[in-house]
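Right, one structure below, let's go through it.
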Amino acid sequence: MNWPAAQNEAIKHLAMKQFSIFIKKEFTHVLRDRKTLLILFGMPVVQILIFGFALTNEVKNARIAILDQANDPASHQLITKIAASKYFETEQAVMNRRQMEDAFKRGSIRLAVIFPANFNNELLHQHNAGIQVIADASDPNNATTLTSYVTAIIQDYLAALNKTGQTPYRISPEIRMLYNPQLKGASNFVPGVMALVLMLVCVMMTAVSIVKEKETGTMEILLVSSFKPLLVIASKAVPYLMLSLVNVASILLLSVFVLDLPVNGNVFLLFAESTLFIITCLTLGIFISVKTSSQQVAMLISLMGMLLPTILFSGFMFPIENMPVALQLISNIIPAKWYYIIVKAIMIKGSGFNAIWKETLILSGITVFLLIVSLKSFKIRLS
Amino acid sequence: MMEAVVVKDLSKVYDKDKTAVDAVSFSVEQGEIFGLIGPDGAGKTSIFRMLTTLLLPDGGSATVDGFDVVKDYKQIRSRVGYMPGKFSLYQDLTVEENLNFFAVIFNTTVQENYHLIKDIYMQLEPFKTRRAGKLSGGMKQKLALCCALIHKPSVLFLDEPTTGVDPVSRKEFWEMLKKLKAQNISIVVSTPYMDEANLCDHIALIQSGKILSVDSPANIVRSYPEDLYAIKAENMRSLLKALHQYNEVLDSYAFGEYAHVAFKDKHPDLSKIRTYLEQQGVNGTDLKKTEVTIEDSFIKLLKN
């Protein structure tokens with residue numbers, strides 16, 4: 001007779017049964033609560049769409065004026081190129097500088113391109129031609145973006161020109177918009193939104209759902225049962241892990257099919273790294289739930305303590321390189337920063353694991369640390 | 001026979017100086033209904049939470065089913081049933097889902113112990129697909145009781161199960177407790193309602209964390225030292241004022257629509273008192289001897 005083994009089997013079987021009914025219960029909670037459902041699945045879609053179409057620093061259909069004092073083949077070719085761009089809407093009516101200034105003042109144009117007389121001659125014979133680009137810098141971001149679009153188009157034109165001629169007309173400078181030749185805004189924010197959404201869903205939802213059990217008193221009953229307290233935590237984490245992976249998938253689908261931003265790297269690697277980050281967020285949520293006792297407090301801490309640092313320090317909105325050293329150091333403990341770097345590397349640069357193993361290691365370290373801290377502070381009693 | 005619950009000098013102090021439970025001692029026999037009777041804030045919930053291993057005591061000791069509440073918390077947790085003070089089931093799950101969930105969590109099935117909850121569950125059956133949050137107060141309590149009973153606990157802890165429940169449901173609830181007692185389940189129940197005290201086998205009267213008296217309800221009533229009289233008047237306030245000023249009166253207080261009075265004299269002259277009250281202008285008095293209730297004993301104990 002092998003009693004202990006049989007008993008162990010029975011206990012394991014029971015734990016699995018309890019575990020699965022608990023997970024089923026969690027899913028029922030989520031699926032029956034319309035508000036949670038809306039936040040859970042609506043938020044990623046809304047965020048992607050808002051960032052993608054409204055809040056992007058990409059400028060579309062900006063009205064510009066072109067003052068062609070040259071009126072020669074080179075200027076015509078360039079004007080056709082600029083007019084063909086979807087970023088610009090060319091206003092041909094402007095005839096002289098005075099009219100152009102008026103148009104700027106009225107705000108009817110954002111940018112003007114002025115070709116000097118003899119543009120073609122200078123380009124062909126001196127191999128260097130001047131061109132004036134004037135932007136309305138009352139909105140500096142907009143102005144920078146627009147001028148860089150124009151520069152990009154000019155570079156493009158020069159590159160094509162240089163290909164045919166034997167002597168280069170001009171040494172092309174290094175291309176500024178590496179990985180993002182069309183300055184697609186999406187490439188920057190999709191990884192950012194992924195970090196943001198996962199942070200929100202995992203941290204807040206997990207924290208709130210555990211604290212809710214405390215607040216409504218069901219935790220008391222669960223504790224006074226043969227159910228292991230740690231299983232409560234684990235059964236809370238599993239459903240949100242699954243739901244978050246659904247979110248990752250929906251964000252990626254939106255970015256590929258709606259925003260035309262392909263995943264250049266390995267999708268499986270991206271999902272594996274996302275799973276790691278989700279686990280980091282879940283442990284954070286569990287930690288918050290252990291330390292708080294009301295849903296409001298848990299939500300506030302999740303929002304203020306987690307979301308704000310994510311936005312500030314992940315490098316998604318504000319470049320970390322420009323921050324004071326102290327803040328740069330702080331940014332190192334923000335998990336979202338590392339995830340953001342990883343996703344950018346996989347999605348946009350198409351890098352493999354060998355390029356991101358360091359970031360992955362740091363993120364794993366943070367996760368293990370958080371897991372130990374929250375398990376240590378988890379209480380098997382009420383206080 | 002081993003006692004179901006033994007509590008010895010149990011204490012709980014919050015925030016270093018707020019004593020919620022002050023060296024409380026009592027014991028609960030197997031298969032009896034034991035009532036903790038006292039007003040809100042008396043420390044009943046703290047006692048329950050210490051006995052169900054949810055809180056650590058700051059002093060004294062307690063055993064449930066022979067297991068220590070601190071050392072053997074795991075054993076206690078798997079064998080007791082606990083119904084917290086406020087409704088603590090999942091409001092967004094249906095009656096059936098709640099019951100099934102707790103059955104599995106408590107390592108059993110609904111079928112296995114159906115006989116225990118049958119009487120109660122039959123009333124819930126028509127609403128089994130309704131969400132728990134949409135049930136009436138009495139129905140909620142019945143469901144909570146089912147969930148606490150589903151694993152056939154040896155000791156059942158019910159923290160104010162009838163608070164906020166209509167009188168009819170309250171009565172039904174106590175009927176159920178009697179049936180459970182017949183199944184040899186020990187029940188510890190707390191209530192702020194004095195009339196429910198009589199339904200317990202033993203009660204502990206508790207106030208400000210201290211136990212004033214532990215005995216059977218009959219003994220507590222019997223040990224009331226004086227005869228008690230009830231007086232009714234149109235104007236309760238002037239009646240109480242008049243009684244208060246009368247030097248033959250030992251004690252007087254409002255009790256429902258009557259005033260309860262105890263006299264210094266063992267055989268007071270009732271006609272003399274009637275005349276006195278008439279002189280004081282208190283009309284319509286209806287003076288008669290009355291039965292002592294638990295509430296009278298409680299008031300008496302509080303004043304000492």
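Naming: A, B, ... by sequence-line order, numbering from 1 per chain. From a predicted model like this one, the values you see are computed outputs, not experimental measurements. As a basis for the values below, the full set of heavy atoms in this structure was taken, side chains included, without hydrogen atoms, waters or symmetry mates.
When heavy atoms are compared at a cutoff of 4.5 Å, Gln91(B) does not approach chain A at all. Within the 4.5 angstrom heavy-atom criterion, atoms from both the backbone and the side chain of Ser225(A) approach chain B. In this structure, the portion of Leu222(A) lying under 4.5 Å from any heavy atom of chain B is its side chain and not its backbone. In this structure, the portion of Arg131(B) lying under 4.5 Å from any heavy atom of chain A is its side chain and not its backbone. Residue Phe102(B) touches chain A through its side chain alone, counting heavy-atom pairs closer than 4.5 Å. Residue contact with chain B, scored on non-hydrogen atoms closer than 4.5 Å, is absent for Phe19(A).
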* **Pair Asp22(B)-Lys210(B), salt bridge (charged side-chain N to carboxylate O under 4.0 Å, His left out): steps then yes or no** => CA-CA 5 Å; Asp22(B) 193 356; Lys210(B) 285 196 178 107; 3.6 Å; yes
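Salt bridge annotation for Glu32(B)-Lys181(B): absent, with no cationic side-chain nitrogen under 4.0 angstrom from a carboxylate oxygen. With respect to the salt-bridge test (charged N to carboxylate O, under 4.0 angstrom), the residues Arg32(A) and Glu97(B) qualify. By the 4.0 Å N-to-carboxylate-O rule, Lys142(B) lies close enough to Glu172(B) to be salt-bridged with it. A salt bridge does not link Arg49(B) to Asp159(B): none of the charged nitrogens lies less than 4.0 Å from a carboxylate oxygen. Salt-bridge annotation for Glu26(A) and Lys212(A): absent, with no side-chain N of the basic residue lying under 4.0 Å from a carboxylate O of the acidic one.
Relative ring orientation between Phe227(A) and Phe22(A) is described as parallel, the plane-to-plane angle staying below 30° on a 0-90° scale split at 30° and 60°. Ring geometry, Tyr339(A) versus Phe277(A): the interplanar angle falls under 30°, so the pair is classed parallel (tilted spans 30 to 60°). A parallel orientation is assigned to the rings of Phe34(B) and Phe26(B), their planes being inclined by less than 30° (bins at 30° and 60°).
Interface with chain B: from residues 233-255 of chain A, no residue qualifies, criterion being any non-hydrogen pair under 4.5 Å. Identified by a heavy-atom distance below 4.5 Å to chain A, the contributing residues of residues 58-70 of chain B are Val69(B), Val70(B), in residue-number order.
Checked against a 6.0 Å centroid threshold, the rings of Phe48(B) and Tyr82(B) do not count as neighbours.
Checked by atom type, the side-chain pair Arg79(B)/Ser154(B) shows no donor-acceptor distance below 3.5 Å. A donor-acceptor contact under 3.5 angstrom links the side chains of Ser169(B) and Asp166(B), judged on distance only.
When each of Phe157(B), Phe87(B), Tyr73(B) is scored by its heavy-atom pairs under 4.5 Å with chain A, the top score falls to Tyr73(B).
The shortest side-chain heavy-atom distance between Thr28(A) and Asp92(B) does not fall under the 4.5 Å cut-off.
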